[in-house]
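Residue numbers start from 1 in every chain, and the chains themselves are labelled A, B, ... in the order their sequence lines are given, proteins ahead of strands.
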Protein chains: 2
Amino acid sequence: MGITSSQVRQDFFTFGGFGLQGYGYDVELLCREIGNILGLGIMYQMVIIGAGNLGQALAKHTSFEKRGFRVIGIFDVSDRIIGEKISGVEIMHIDSLAEFTTQNHVDIAVVTVPYAYAREVVDKAVGLGIKGIWNFASAELKVPDDVVIENIHLSDSLIVLGYNLKKKGRETDPSAAKDK
Amino acid sequence: MGITSSQVRQDFFTFGGFGLQGYGYDVELLCREIGNILGLGIMYQMVIIGAGNLGQALAKHTSFEKRGFRVIGIFDVSDRIIGEKISGVEIMHIDSLAEFTTQNHVDIAVVTVPYAYAREVVDKAVGLGIKGIWNFASAELKVPDDVVIENIHLSDSLIVLGYNLKKKGRETDPSAAKDK
DNA sequence: TAGATTGTTAATCGATTAACAATC
DNA sequence: TAGATTGTTAATCGATTAACAATC
């Protein structure tokens, strides 16, 4: 992964030593400790807001549950799909989210609504006491200090890829060898 | 977005000045220049490899095309779905990718296959001369120097979110106020 | 001129890397 | 003891921030 041994030791050192000088690491113990630090033992409950292509794809993605992230509800505004089930989880109307949160503990809201609604949806989730936001809308959203947000900006990632492609192409092109 | 004016000026400076001291920036010109640097005028052609939930969701995502990234082919191994069309683009068998690339210019391969096949698929794409990889498999893949790879690690992002939630929870919890 | 704004250099900060002591 | 490996500090590197000169 392109990480130096120095960096590994330095990172472990931040959380206290896990090995024995001159002997090595007990890999099994080390993995367990890192898992504990990352909180991999915890099961988080998620709701997906926005049952479009991406929302449904994430709901069907089975590997999140293995890592401790379970989808317990999907919400949308489109009457056409409300009532349907995705991987055994019902699509409900966004208006019933408030009631849902009183009956179920929700750790994370997955925001897969269009850009224009992201702000509103996040405010609603935060207002209902949800402390984690996994945001797929291409918007930079402000949240209160006690709320954690993690962004997946797909378009940004594509643009970076395109930029690097363009740059790499120029480097290879001898007619533009001078600029780096 | 939490960026200082210093950082904005420093970043612009890297590419040469776009403004006029004491006067300001011509915003329209500036946007155009940044667009040129990022290569937003270019249209890139993409193939999606892996027509599962995520692959299909990305194929249906209309906003990429607006940014200059067009899906021109979808590939999979499942006979059940080959021949189907997603947003007007046909799902083809992965074995026909080689022929496809001789008839169509492909800039980017979007890899949405399971972890176990990612390595193989990327090697194949690179072998066919595709210079850009947009990787959604949770694998750290090595590519040759002239190939650009951009990763979207969804599980990593979720784990970071979970870790920050856990940390924030501890900070709020007065019984564990000491560790930071 | 006075105020405002950008260009450019210098200072600061944080993360990565190197070095070596402390072990087994 | 010799070789190997981790813990911990110091040096290096790069990015962010601050400062101020150069304008309009």
Separation of A:Cys31 SG from A:Leu40 CG (nearest 0.5 Å):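 Answer rounded to 0.5 Å: 10.5 Å.
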Under-3.5 Å donor-acceptor pair between A:Gln10 side chain and D:dT8 base: no
Check: D:dT6 base within 3.5 Å donor-acceptor of A:Gln21 side chain: yes
Ring centers of A:Trp134, A:Tyr44 separated by less than 6.0 Å: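 Ring-ring flag for A:Trp134/A:Tyr44: false, centres at least 6.0 Å apart.
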Heavy atoms of other groups near A:Glu28 CD, more than 12 under 6.0 Å: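 Counting other residues, nucleotides and ligands, CD of A:Glu28 stays at 12 neighbours or fewer.
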Separation of [N] [atom2] from [X] [atom1] (nearest whole Å):
X       : N      : atom1 : atom2 : answer
B:Phe15 : C:dG7  : CZ    : P     : 14 Å
B:Asp11 : D:dG14 : CG    : C1'   : 13 Å
B:Ile3  : D:dT17 : CD1   : P     : 10 Å
B:Tyr23 : D:dA21 : OH    : C1'   : 22 Å
A:Arg9  : C:dA22 : CZ    : P     : 15 Å
B:Phe12 : C:dT5  : CZ    : P     : 15 Å

Pair B:Lys85 + B:Glu90, salt bridge at N-O below 4.0 Å: no
SB check A:Asp146 A:Lys131 (cutoff 4.0 Å):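 Yes, A:Asp146 and A:Lys131 are salt-bridged.
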For C:dC13, the Watson-Crick or wobble counterpart (both distances under 3.5 Å): D:dG14
Complement of D:dC24, any strand, by Watson-Crick or G-U distances under 3.5 angstrom: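 Base partner found: C:dG3.
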5' precedence on DNA chain C between A:Leu20 and A:Gln7 (nearest-nucleotide basis): A:Gln7
Among C:dC24, C:dT8, C:dT17, the nucleotide that comes nearest once only the side chain of B:Phe13 is considered: C:dT8
Out of D:dT6, D:dT8, C:dT6, whichever nucleotide has its closest atom nearest the side chain of B:Tyr25: C:dT6
Any B:Thr4 side-chain N or O less than 4.0 Å from OP1/OP2 of D:dT17: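 Checking B:Thr4 against D:dT17: at least one side-chain N or O falls below 4.0 Å of OP1 or OP2.
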